[in-house]
Amino acid sequence: MKSLFTDHLPVKVLKPKDAKEVQKIIKKANKDKTPLVPTSSGTNMQDTHLPNVKDAVMVDLSGMKGIYFDKLNRNAVVEPGVTFAELEKVCKKAGLRPLTAIDVPKDASVLSTYLEMMPLYDWPKYHPWEMLTMEGYRADGERFATGQMAMEQDRPDKYSWGVSFAQVARLFCLAQGTLGIITKVAVTLKTDVPKKDVLYYSCRNINQAAKALKAFIATEEPHEIFAVNKKYLSELLNQKLSVSVAPWTVVIVNRGSDKAEIAYKRKDMLGVAKQLGGKIQTSLKGASKASDTILAEIKSPTGAALHKKVGMGWAPIVTVSTAQQIDKCSGLVPKSSGAIIMPLQAGGCFYYQPDLRYRESEIEKVRKTYKSICTKMLKAGVTFPRPSALIAKEVAKQNPTNFKLLRSIKKAVDPNNIMNPGKLGL
Ligand SMILES: Cc1cc2nc3c(=O)[nH]c(=O)nc-3n(C[C@H](O)[C@H](O)[C@H](O)COP(=O)(O)OP(=O)(O)OC[C@H]3O[C@@H](n4cnc5c(N)ncnc54)[C@H](O)[C@@H]3O)c2cc1C
């Protein structure tokens with residue numbers, strides 16, 4: 001199937017076995033002036049693993065599968081090829097769990113998903129601090145690392161701390177691999193506590209859902225909390241929903257080590273709901289297995305297959321928006337769209353992901369619709385932190401100062417512009 005986001009395919013694929021081979025590939029590409037596109041799992045969302053330019057060589061890192069599991073400190077150091085399913089298997093024995101991302105499937109790379117800042121279900125609870133330190137090679141072939149990984153690695157357990165950890169890492173990740181190739185990253189793991197309670201709060205519209213998310217998250221209790229429209233919810237549960245299910249539903253997952261913890265958290269949610277003038281439900285009418293299905297999805301997301309039908313495409317529009325911007329823009333997408341919102345920074349802003357459904361034979365038409373909606377959203381002030389190839393230029397134009405700064409950094413570490421040319425992260 002033709003990509004919605006790019007017309008280019010790599011001319012060649014190289015499969016390095018280890019970090020040293022990655023460095024060699026980058027050095028040679030600098031000599032030959034060959035564009036490189038790193039790919040860790042290529043699960044194809046927004047096709048960011050495909051080139052935006054012709055004659056590019058793909059650096060396929062999926063064979064690099066090293067895991068150093070640190071049960072004591074509840075962390076792991078992973079190479080790019082390690083998938084969520086593989087990390088979960090290692091964690092399970094120790095009663096731990098990796099943090100998963102909305103709509104990113106279990107065969108996706110943990111490293112590139114975190115690097116790309118894909119929104120994790122647990123961000124409202126733990127914030128975007130899932131990466132501790134990392135190591136890789138800059139676009140000019142020089143080694144680069146953060147925190148303790150930047151020091152001599154004479155012991156495998158010497159990886160986790162460092163003042164420069166998250167900040168420097170984010171600079172790299174938001175450039176979508178345009179500044180270098182990351183070869184290992186230390187990630188945090190969480191205890192898989194035994195008790196879980198899934199609660200629902202019905203809303204008439206998206207504005208009410210945003211307000212409710214902000215109120216519930218102020219308690220800092222939910223582990224996972226998001227709101228979905230009826231279309232998204234029906235796909236999440238893989239069933240048709242009763243007419244009594246509201247247009248928007250806030251889904252709250254409380255986790256705890258015993259019944260008492262779950263009980264007081266539920267009581268707090270009931271209190272917030274009362275203040276909002278609504279009610280908490282513990283089940284959804286006509287969907288008896290809803291809570292189990294939602295917990296299973298959070299544990300092991302299905303990926304795009306959740307939303308796709310045969311012959312149809314699914315294109316999420318990925319934004320960070322304020323409640324006011326969501327209010328202004330939610331009417332831009334067709335009524336048939338699915339949508340999910342998740343509070344970030346205590347509900348000061350939201351991860352807002354409406355989507356487009358289209359016939360696979362109508363790529364050109366949907367490209368126009370996608371661009372037109374995104375341009376209007378951009379004008380309304382919505383942020384596209386990692387714009388797809390279709391709108392990268394528009395986003396750069398909208399953020400000239402940021403773009404100029406990023407370009408100057410890129411020029412310094414990638415003088416030959418060989419790494420992921422044409423991609424943009426702000
Ligand atoms: C709902 C949803 C929304 C999404 N929205 C966006 C979006 O707004 N913008 C966006 O860009 N992507 C988006 N994605 C894609 C997402 O980032 C990837 O699906 C995820 O990171 C898993 O990666 P992958 O398997 O698709 O591709 P990968 O092959 O892992 O590549 C992902 C990106 O990271 C780069 N990369 C891969 N490995 C490395 C490495 N070791 N070092 C440095 N760079 C590397 C690639 O060149 C590519 O740009 C979205 C995905 C979903 C499911």
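From a predicted model like this one, the values you see are computed outputs, not experimental measurements. Numbering of ligands and ligand atoms starts at 1, following listing order. The analysis underlying the following values was restricted to heavy atoms, covering all of them including side chains, and did not include hydrogens, waters or symmetry mates.
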Q) Do any nitrogen or oxygen atoms of Ser388 lie less than 3.5 angstrom from nitrogen or oxygen atoms of ligand 1? A) no
Q. So how far is it from Thr375 OG1 to Glu394 CD, rounded to the nearest 0.5 Å?
A. 5.0 Å
**Q.** Nearest neighbour of atom 26 (O) of ligand 1 from the list Ile182, Thr43, Val185, on a heavy-atom basis
**A.** Thr43
(Q) Is Gly180 close enough to touch ligand 1? Criterion: a residue heavy atom under 4.0 Å from a ligand atom. (A) yes
(Q) With the threshold set at under 4.0 angstrom, would you say Gly42 reaches ligand 1 through any of its heavy atoms? (A) yes
Q. Is it the side chain (CB and beyond), the backbone, both or neither of Asn420 that lies under 4.0 Å from ligand 1, heavy atoms counted?
A. side chain
Q. What atoms in ligand 1 come closer than 4.0 Å to a heavy atom of Asp103?
A. 1 (C), 53 (C)
**Q.** Rounded distance (nearest 0.5 Å) linking atom CD of Glu135 with atom OH of Tyr137
**A.** 5.5 Å
Q) With a 4.0 Å heavy-atom cut-off (strictly under), which part of Arg386 contacts ligand 1: side chain, backbone, both or neither? A) both
(Q) Quick check: do Leu237 and Leu284 have side-chain heavy atoms less than 4.5 Å from each other? (A) yes
Q: Hey, can you tell me if His307 and Trp314 have their rings parallel, tilted or perpendicular (30° and 60° cut-offs)?
A: parallel
Q | salt bridge (charged side-chain N to carboxylate O under 4.0 Å, His left out) partners for Asp157, two or more places apart | A | Arg155
(Q) Taking 4.0 angstrom as the limit and counting only heavy atoms of Gln353, give me the atoms of ligand 1 inside it, by number and element. (A) 1 (C)
Q) Between Lys410 and Leu179, which heavy-atom pair has the shortest distance, and what is it? A) CA-CD2, 3.7 Å
Q: List every atom of ligand 1 that sits less than 4.0 Å from any heavy atom of Thr113, numbering the atoms from 1 in the order shown and giving each element.
A: 20 (C), 21 (O), 22 (C)
**Q.** Atoms in ligand 1 with a heavy atom of Val104 nearer than 4.0 Å
**A.** 53 (C)
Q: Just go through Ala108, Ser62, Ser112 and tell me whose heavy atom is the nearest to atom 30 (O) of ligand 1.
A: Ser112
Q) Of all the atoms in ligand 1, which lie at a distance below 4.0 Å from a heavy atom belonging to Leu111? A) 41 (N)
Q) Between CG of Leu189 and NZ of Lys71, what distance do you get to the nearest 0.5 Å? A) 12.5 Å
Q. Will you find, in the side chains of Tyr370 and Ser388, an N or O donor that is under 3.5 Å from an N or O acceptor?
A. yes
**Q.** Backbone or side-chain N or O of Ser41 under 3.5 Å from ligand 1 N or O
**A.** yes
Q) What pair of heavy atoms forms the shortest contact from Ser336 to Lys231, and how long is it? A) O-CE, 3.3 Å
Q. When you measure from atom 5 (N) of ligand 1 to each heavy atom in Val318, Asp355, Asp107, Leu36, which option holds the nearest one?
A. Val318
